[in-house]
Number of protein chains: 2
Amino acid sequence: MTAQPGRRRDAAATRAALLDAAAALFAERGFDRTTVRDIAGQAEVNQALLFRYFGSKEALFEAVVARNGREHLATTPPERLFSASLRGMLAPEGPRNRTLETYLRSSGSDGVGATLRQEIGEEYARVLATLTDAPDAGLRADLALAWLMGIALVREVTGKEPLASADPEHVSELVLTAVRTLLERSE
Amino acid sequence: MTAQPGRRRDAAATRAALLDAAAALFAERGFDRTTVRDIAGQAEVNQALLFRYFGSKEALFEAVVARNGREHLATTPPERLFSASLRGMLAPEGPRNRTLETYLRSSGSDGVGATLRQEIGEEYARVLATLTDAPDAGLRADLALAWLMGIALVREVTGKEPLASADPEHVSELVLTAVRTLLERSE
DNA sequence: TCCGGTTGTAAGCAGCTGCTTACAAAACTA
DNA sequence: TAGTTTTGTAAGCAGCTGCTTACAACCGGA
């Protein structure tokens with residue numbers, strides 16, 4: 001049907017298609033509930049190639065998180081990191097930040113990319129911790145990060161109203177006001 | 001070994017053992033990563049009985065959440081609900097509140113007890129919303145609930161330091177201060 | 001033109017999953 | 001005691017999972 005015997009031969013494109021498909025599916029369903037057949041299917045690629053190019057499902061997951069997780073962390077000034085992450089998460093469309101979504105939807109999985117997840121969490125928290133002079137800056141940063149994760153969880157996973165369809169600006173205002181009691185230089 | 005041919009015959013005890021085992025395992029691993037064989041094994045019960053007494057794994061899950069989810073909601077005065085949930089979650093041992101843990105560890109699963117989860121979220125939020133006179137009380141309550149979930153997520157699932165082993169009183173103080181900008185009558 | 005490596009394909013394996021069935025032992029009822 | 005119902009057991013099925021293998025088609029360089 002779709003593919004002639006021996007479709008367009010392009011290893012790089014195949015790899016990229018797998019990465020894209022995996023990123024979308026892991027964000028939607030989490031690690032456990034995404035099968036390698038799903039990923040290969042969405043990428044329109046034979047599933048054996050997934051193993052040729054990435055070795056295992058777990059390694060693919062790590063490649064996805066590594067690719068998507070760090071970019072906007074590296075390109076956002078500290079004072080705006082919290083509000084940018086929050087708004088990026090609340091935005092109804094466009095380049096949503098699906099890293100947090102992927103992270104939490106896969107949070108049932110124990111060893112899977114645990115190290116990587118922890119690293120990304122560390123990086124976020126380290127940046128946020130620069131926004132206060134309090135001696136417990138690290139803890140404050142963790143609490144702020146936890147709130148982001150919680151909001152993502154309740155919105156995306158549970159779909160709880162009124163949060164799920166609340167005005168992003170309104171939510172940001174409430175959250176940022178409260179967070180400023182933790183991180184005085186935020187926003 | 002353990003069971004003579006035809007062990008102690010007691011349907012109620014068997015049901016209860018299954019419920020207890022399921023509650024513990026769902027909280028630890030979430031719905032997907034807990035198998036019916038695990039549950040039956042921990043309950044020291046033949047796995048076929050799980051289906052006799054509950055019909056399906058999903059129905060068992062709903063029974064667990066229904067049993068554990070509502071009690072401390074019903075027995076805690078509104079002003080203390082947030083701080084009690086927070087402290088119950090942070091407590092190193094004793095009767096921890098595993099409802100939130102169960103909730104979030106299973107949050108990858110789509111249809112599974114989704115209705116029930118939503119109901120419990122609604123009940124929590126409805127109570128919390130009574131703690132402010134602001135017109136957006138519902139949204140404020142959702143955000144507070146989201147924070148609880150996020151803290152549970154980062155602590156229990158990710159194990160992120162310094163949050164994971166921070167002093168419960170210290171954490172409570174920071175969080176409650178910030179939450180009071182949302183719900184003025186909390187605590 | 002042939003040849004070696006690369007890319008893609010089809011089929012299948014072993015293990016686990018939720019769930020069912022056929023049956024035996026115990027308990028209750030008469 | 002005899003018959004019925006309840007409780008527990010052992011075995012297995014059909015489907016899905018991650019992953020592997022054997023092989024065909026394609027490509028660039030000699």
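Worth knowing before you read on, the calculation uses all heavy atoms, side chains too, and leaves out hydrogens, waters and symmetry mates.
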Quiz prompt | Side-chain donor or acceptor of A:W147 paired with backbone N/O of B:L143 under 3.5 Å | solution = yes

Quiz item: Should B:T14 be listed as having a side-chain N or O under 4.0 Å from OP1 or OP2 of D:dG8?
Solution: yes

Quiz item: Do the rings of A:F61 and A:F31 sit parallel, tilted or perpendicular, given the 30° and 60° boundaries?
Solution: perpendicular

Self-check item: Residue whose closest nucleotide on DNA chain C lies nearer the 5' end, A:Q47 versus A:R52
Solution: A:R52

Quiz item: Which ones in residues 18-27 of chain B lie close to DNA chain C, meaning a heavy atom under 4.0 Å from one of its atoms?
Solution: none

Quiz prompt | Given C:dT20, C:dT7, C:dT9, the nucleotide with the shortest approach to the side chain of A:A11 | solution = C:dT7

Quiz item: How long is the line joining NZ of B:K57 and C1' of C:dT17, in whole Å?
Solution: 8 Å

Quiz prompt | Closest nucleotide among C:dG18, D:dG18, D:dG8 to the A:V36 side chain | solution = D:dG18

Practice problem: Please report, rounded to the nearest Å, how far the C1' atom of C:dT6 is from the CG atom of A:N46. | Solution: 15 Å

Quiz prompt | Rounded distance in Å - CG (B:D32) to P (D:dT17) | solution = 12 Å

Quiz item: Has A:Y53 got a side-chain N or O lying under 4.0 Å from the OP1 or OP2 atom of C:dG8?
Solution: yes

Quiz item: What is the distance from CG of A:L49 to C1' of D:dT20, rounded to the nearest Å?
Solution: 13 Å

Quiz prompt | B:R185 atom CZ, over 12 foreign heavy atoms within 6.0 Å | solution = yes

Quiz item: Rounded to the nearest Å, what distance is computed from the CG atom of residue B:D10 to the P atom of nucleotide C:dA26?
Solution: 16 Å

For residues 170-179 of chain B, dump all side-chain donor-acceptor pairs below 3.5 Å to protein atoms at least two apart in sequence or in another chain.
from   : atom 1 : to     : atom 2 : distance (Å)
B:H170 : NE2    : A:D136 : OD2    : 2.6
B:S172 : OG     : B:P168 : O      : 2.8
B:T177 : OG1    : B:E173 : O      : 2.7

Exercise. Sorted by first residue and then second, give each salt bridge (charged side-chain N to carboxylate O under 4.0 Å, His left out) pair with at least one member in residues 141-154 of chain B; sequence neighbours left out.
Key: A:K160-B:D142

Quiz prompt | Note: A:D38-A:R33 ion pair, threshold 4.0 Å (strictly below) | solution = no

Quiz item: What integer distance in Å separates A:E44:CD from C:dT9:C1'?
Solution: 15 Å

Quiz item: Between A:F54 (CZ) and C:dT7 (P), how many Å, whole number?
Solution: 13 Å

Self-check item: DNA chain D: 5'-proximal contact among A:R37 and B:R37 (nearest heavy atom)
Solution: B:R37

Quiz item: Between B:R67 and B:D20, is the closest basic N to carboxylate O distance under 4.0 Å?
Solution: yes

Self-check item: Rounded distance in Å - CD1 (B:I39) to P (C:dG18)
Solution: 8 Å

Quiz prompt | Candidates D:dG18, C:dG18, C:dT9 - which lies nearest the side chain of A:F51 | solution = D:dG18

